[in-house]
Novice: 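Pasting a structure here, questions to come.
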Amino acid sequence: MISTNAKRIIFIGDWDMWTDRWVDLEDKSRWNLPWGEFSGWSKDKQQEIKIGEDKFSRVIDSSEYVVRCSWLRTHCSGKFSNKNMYGKKVDAIQLNGKNLLGKGLESDKFKGFVKGFLNPTDLTRTENNYTSDENFSNPILSRPDNIRYRHEATRIYSEMFYREIWVSLGYLYRKLNVLFLKKDYKKIEYIMSNVSLVMDKYSELYKKNISMLNPELFLSLKNEINNYYLTYDEMKDLYNGAKWWAHVTRKESDPDKKHFFEDIISGQQNSMMINRGLQSIYIGLNDKRFEDYEKYIIGYWGIDQTFSHGPVHYNQIAEYRLLTSWIDSGILKYLPEHIDTMNQDYLNSCKNSFKPLYQY
Amino acid sequence: MKVTDVFNDNPEVLKIISSHLHKNKLEARVCVIDSGDYSGGDVSEFINCSEYVIRLDYGKSMATQKLGFKTDILYIDRFNFAPFELNKMKNNFLNFLYKSIFNDSTEIWLPVHLFLMNEWLLGSEEFKNKQPEISGSLIKRSWNSEIGRSILNEYIKHLYMHNKMNIKMLSFKEFDLLLESVGSDFDNYSPSPLAYALEMVKKDSRFRYYEIFVFNRLKCNEKTRVKLPLEKSKYDLNLISDLEKEYHYISNHSNTCIVDNDIN
């Protein structure tokens with residue numbers, strides 16, 4: 001087969017920093033590095049980012065399948081500027097399953113429920129976006145630049161072409177988990193029938209394929225994460241002396257926070273929340289269409305936010321350790337490790353041509 | 001106790017959850033819409049709910065309103081290239097259809113033999129006094145020649161600039177294999193769009209586990225001939241297809257269902 005796109009799938013989060021090689025948290029040779037250097041977030045990376053924009057964009061845009069795992073923020077690389085480091089191609093966008101639950105379920109008021117479920121802006125909105133009512137009452141152009149960019153990104157993407165919606169279901173499973181514990185099976189049935197209704201509606205409205213993890217796969221992923229779970233004390237023993245660990249636990253010195261760390265980690269073991277990016281990767285890994293595709297990821301999934309980010313229900317470190325095992329075993333590839341070779345392949349193939357032609 | 005045990009301990013409730021969380025909302029199947037003269041019933045719902053729909057007729061079948069409107073992959077023939085003709089279209093309704101089909105689809109499939117052979121031969125001295133015969137090796141020569149490759153690149157550039165779609169075609173080896181599989185006794189055999197598209201489906205690993213449904217099959221009892229005049233040559237390129245013979249080949253494809261009447 002000859003194709004203008006390479007046979008690979010790329011999962012993109014909203015990070016715009018990277019290290020040249022995937023960082024194994026247990027690799028003691030990097031333990032002396034300050035956080036910025038360890039994680040790629042140091043200021044001296046800025047120049048490298050500028051240089052990297054072209055190569056990342058062209059490699060990503062010449063991939064057969066690009067999954068945007070972080071709502072629509074990835075195109076704008078975090079700061080909602082015109083940066084274009086991670087290309088423009090989008091084949092699947094990730095939809096937060098929170099939107100599927102609808103506002104009405106909290107109050108059981110049908111009116112609000114429908115509104116929450118069928119709001120089409122949910123499909124393409126960014127995390128901090130506004131409701132449609134606010135959009136209409138407050139014209140976008142009258143807002144400050146940083147807010148306007150969010151809307152612009154949303155608008156552009158909603159008009160751009162994407163084939164599929166991949167739904168992350170952490171919020172749904174968290175709610176179901178609570179209901180299971182309460183043995184409130186009627187409510188579970190009620191929620192599920194309405195989730196089904198919403199998905200049918202989305203399918204009907206957008207004629208897009210909708211993928212998600214079925215319960216068997218979701219629970220399997222949760223168990224895989226828990227295989228890499230460590231208690232707070234175990235982590236302290238294992239990572240003690242690493243500068244990155246000191247950074248992640250920097251708020252431990254805050255007397256108000258100190259007592260919460262153990263509880264947070266312990267709660268993560270029993271939480272049904274799974275990072276949306278990881279859910280998207282697992283959808284891709286289990287999609288038979290991509291069986292013999294090369295699979296790439298970019299960046300980190302928030303280990304520095306283990307104790308400081310709002311929703312601390314994700315077990316960031318266990319998820320990171322699971323990703324490390326997948327990269328070690330070759331299930332996944334870390335794009336920055338291969339970007340220079342892939343970029344060179346692209347340039348060689350483009351000689352006297354507009355687009356590379358891949359043969360596989 | 002694992003956090004997931006609370007779910008697994010309630011298999012009946014888990015079954016309810018499973019029944020509402022389909023992995024895909026569209027069915028994992030491929031529909032190939034050929035360019036026949038459709039007279040069957042309305043199969044729009046079946047086609048629109050398929051994960052991949054490949055149209056070989058530039059969307060003309062959409063006008064019947066019975067063969068759905070979803071389009072993921074578009075087969076484009078070099079000699080009947082819709083985007084170049086968009087502005088010339090007199091019929092507004094067809095114009096609308098063409099535009100909408102290009103907006104919806106993400107991929108273009110090209111018949112490598114047709115445009116490579118023809119374009120290469122246009123600039124070739126070799127066939128001024130010699131009747132060319134299509135084969136995988138000739139396509140390979142064309143592929144590797146500077147002029148053949150640059151024309152191909154220009155063509156792809158044009159397609160890409162206008163549509164930003166992925167463009168795919170069979171390699172010359174795969175094309176050779178197709179000729180061999182069809183078992184044609186003719187020189188200059190040109191596989192029909194349907195045979196070519198089904199070969200592409202077979203080679204594309206995405207569809208390995210998918211069921212394939214063929215609608216609106218072009219039926220013809222006689223062999224189809226296409227005459228392409230070659231500039232600078234005293235010969236024409238006479239291409240021949242044998243739909244009946246191809247039918248025996250494609251009907252033996254595994255996982256392929258040819259729907260000549262209504263689907264049950």
Side-chain angles (χ1 to χ4, degrees), chain A residues 1-5 7 64 89 91 161 163-165 169 172-173 176-177 180-181 183 185 188-189 192-196 199-200 202-203 207-220 222-223 226 269-272 283 286-293 352-355 357 359-360, chain B residues 2-4 6-10 12-26 28 48-49 51-52 69-70 72 103-104 106-108 110 112 143 146 149-150 152-154 156-161 164-172 174 200 203-210:
Chain A
M1 192 80 81
I2 296 159
S3 174
T4 48
N5 288 336
K7 195 173 179 176
E64 202 165 295
K89 193 168 190 288
D91 295 281
F161 189 74
R163 267 188 57 77
E164 297 190 19
I165 296 162
L169 296 172
L172 175 66
Y173 277 91
L176 292 175
N177 192 29
F180 264 115
L181 293 169
K183 298 188 189 306
Y185 303 126
I188 289 175
E189 206 170 333
M192 292 314 300
S193 62
N194 286 301
V195 164
S196 194
M199 288 193 295
D200 283 344
Y202 279 158
S203 243
K207 294 294 174 202
K208 302 290 182 194
N209 196 24
I210 300 179
S211 283
M212 66 200 74
L213 294 174
N214 62 24
E216 187 191 12
L217 286 174
F218 191 92
L219 299 177
S220 153
K222 184 65 201 169
N223 284 333
N226 277 357
Q269 189 181 22
N270 297 316
S271 160
M272 287 304 288
I283 291 173
N286 285 284
D287 192 323
K288 288 185 173 178
R289 284 178 299 173
F290 307 121
E291 262 181 2
D292 52 2
Y293 278 51
N352 304 321
S353 168
F354 172 70
K355 285 274 289 177
L357 288 172
Q359 196 164 346
Y360 51 82
Chain B
K2 286 181 185 173
V3 62
T4 53
V6 68
F7 285 81
N8 291 321
D9 288 347
N10 292 277
E12 288 306 310
V13 186
L14 201 59
K15 213 171 158 184
I16 292 169
I17 296 173
S18 266
S19 69
H20 290 292
L21 289 180
H22 312 289
K23 185 179 160 290
N24 283 315
K25 292 307 292 178
L26 298 176
N48 289 339
C49 290
E51 212 171 293
Y52 287 90
F69 55 83
K70 188 174 188 289
D72 301 286
N103 285 340
D104 283 353
T106 51
E107 268 182 43
I108 291 175
L110 293 176
V112 63
W143 176 261
E146 204 175 311
R149 195 58 178 265
S150 67
L152 169 66
N153 286 330
E154 276 306 306
I156 285 173
K157 178 179 178 178
H158 191 95
L159 281 175
Y160 188 81
M161 291 291 278
K164 299 275 188 291
M165 292 190 272
N166 192 19
I167 298 162
K168 283 186 173 180
M169 57 196 124
L170 289 180
S171 69
F172 37 84
E174 288 163 338
M200 291 278 286
K203 297 289 175 201
D204 198 321
S205 63
R206 283 177 299 177
F207 308 129
R208 191 179 293 157
Y209 303 102
Y210 282 40

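Everything numeric in this text was worked out from a predicted model, so none of it was measured. Chain letters run A, B, ... following the sequence lines, proteins first and then strands; every chain starts at 1. Scope of the values below: all heavy atoms of this structure, side chains included, with no hydrogens, waters or symmetry mates.
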Novice: Could you tell me if B:Glu12 and A:Tyr185 have a donor-acceptor pair between their side chains, going purely by distance under 3.5 Å?
Specialist: no

Novice: So which part of B:Lys2 gets closer than 4.5 Å to some heavy atom of chain A, the side chain, the backbone, both or neither?
Specialist: side chain

Novice: So, A:Phe218 versus B:Phe7, ring centres under 6.0 angstrom or not?
Specialist: no

Novice: Would you tell me whether B:Ser205 and A:Lys7 have side-chain atoms, one donor and one acceptor, within less than 3.5 Å of each other?
Specialist: yes

Novice: Tell me yes or no: between the side chains of B:Ser18 and A:Asn214, is some donor less than 3.5 Å from an acceptor?
Specialist: no

Novice: For each of A:Lys183, A:Glu189, A:Glu64, tally heavy-atom pairs with chain B at distances under 4.5 Å, and name the one with the top tally.
Specialist: A:Glu64

Novice: With a 4.5 Å cut-off on heavy-atom pairs, point out which of B:Lys203, B:Arg208, B:Glu107 contacts chain A the most.
Specialist: B:Arg208

Novice: Using 0.5 Å steps for rounding, measure from the CE atom of B:Met200 to the CE atom of A:Met1.
Specialist: 4.5 Å

Novice: For B:Asp204, which atoms come within 4.5 Å of any heavy atom of chain A: side chain, backbone, both, or neither?
Specialist: both

Novice: In Å and rounded to the nearest 0.5 Å, what is the CG to CD1 distance from A:Asn5 to B:Ile167?
Specialist: 8.5 Å

Novice: So which of B:Asn8, B:Val6, B:Ile16, B:Leu14 has the largest heavy-atom pair count under 4.5 angstrom toward chain A?
Specialist: B:Val6

Novice: Ignoring hydrogens, what is the shortest heavy-atom contact between A:Ile2 and B:Ser171? Give both atom names and the distance.
Specialist: CD1-CA, 3.6 Å

Novice: Count the heavy atoms belonging to other residues, nucleotides or ligands that lie under 6.0 Å from CD of A:Gln269, then report whether that count exceeds 12.
Specialist: yes

Novice: When you compare the side chain of A:Arg289 with that of B:Tyr209, does any pair of heavy atoms fall below 4.5 Å?
Specialist: no

Novice: If I measure from the heavy atoms of chain B, does A:Ile188 come under 4.5 Å with its side chain, its backbone, both, or neither?
Specialist: side chain

Novice: How many angstroms lie between CD in B:Glu174 and CD in A:Gln359, if you round to the nearest 0.5 Å?
Specialist: 7.5 Å

Novice: Using a strict threshold of under 4.0 Å (side-chain N to carboxylate O), is an ion pair present between A:Glu291 and B:Arg206?
Specialist: no

Novice: Distance from B:Asn166 atom CG to A:Ser3 atom OG, nearest 0.5 Å?
Specialist: 3.5 Å

Novice: For the OG1 atom of B:Thr4 and the CG atom of A:Asn270, what is their distance to the nearest 0.5 Å?
Specialist: 10.5 Å

